[in-house]
Structure formats: structure tokens, C-alpha cells
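What follows is a short report on a single structure.
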Amino acid sequence: MSEPLPVVMENSIQIAWDYLERTGDLGDPTIASKVLLDSVETLVRRGERRVLMLSNMAISDYKKFRADRPLELVT
């Protein structure tokens, strides 16, 4: 039996969040949550339902997002 879609999304985002936090790549939590949610939501709308695929793609998208904005990350 498959998990309800909100649970799949929540689990995917949590896995990505935990990974980024452990590696020190999380950055601003407000921005991170928005980017991760947008990534997972986009993939779910395209039909992806695998939790690890969603979390891995969200991590990749977040790392690309941060790489495209290096000056904004300087504190």
C-alpha cells in the first residue's frame, strides 16, 4: 500500500533537510524550505512518487540554487 501524497512529500523534504543540515549546506532555513518544497512539488506534479528520488532531486536542486547565488550567501 502506498503512502498518502502529503506524507510522501513531507518525508522527502525531511530527508533532504536532514542531509543538508548534517553536511552544513542548509543555509537560511526559510529559503531552504521554499526551495525544497518547490522542487518536491514540481516533481510530484510530474508524477514522481518515490521518496528517495524526490529527496535526492530536491537536494540537487537546492545545491544548484545556492551555487547560482554565491554572493547572497556571504554573511
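Treat the numbers as computed from the prediction; the structure is a model and nothing was measured.
Residue-environment remark: CD (E48) exceeds the threshold of 12 foreign heavy atoms within 6.0 Å.
Heavy-atom minimum distance, R66 versus G27: NH1-N, 3.3 Å. For the residue pair W17 and S33, the shortest heavy atom distance occurs at CZ3-N, 3.8 Å. Residues L20 and Y62 share a closest heavy-atom pair of CD1-CD2, 3.5 Å.
Once rounded to the nearest 0.5 Å, the distance linking CG of D18 with OG1 of T23 reads 10.5 Å. To the nearest 0.5 Å, atoms CZ (R49) and OG (S12) are separated by 10.5 Å. We find the CD-CG distance between E41 and L5 to be 10.0 Å, quoted to the nearest 0.5 Å. The distance from atom OH of Y19 to atom CG of D25, rounded to the nearest 0.5 Å, is 6.5 Å. Taking CG of L52 as the reference point, atom CD1 of I59 lies at 9.5 Å (rounded to 0.5 Å). Here the NZ-CG distance, from K64 to D68, works out to 9.5 Å after rounding to the nearest 0.5 Å.
Following chains of ILVMFWY side-chain contacts shorter than 4.5 Å, one can reach L37 starting from M53, so the two form part of one hydrophobic cluster.
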Stepwise side chain to side chain contact (heavy atoms under 4.5 Å, CB included) check, D61 with T42: CA-CA 11 Å; D61 288 347; T42 298; over 6 Å; no

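In summary, of the residues considered (L36, I15, V40), a side chain to side chain contact (heavy atoms under 4.5 Å, CB included) with S55 occurs for I15 alone.
A salt bridge links K34 with D38: the distance from a Lys NZ or Arg NE/NH1/NH2 to an Asp or Glu carboxylate oxygen falls below 4.0 Å.
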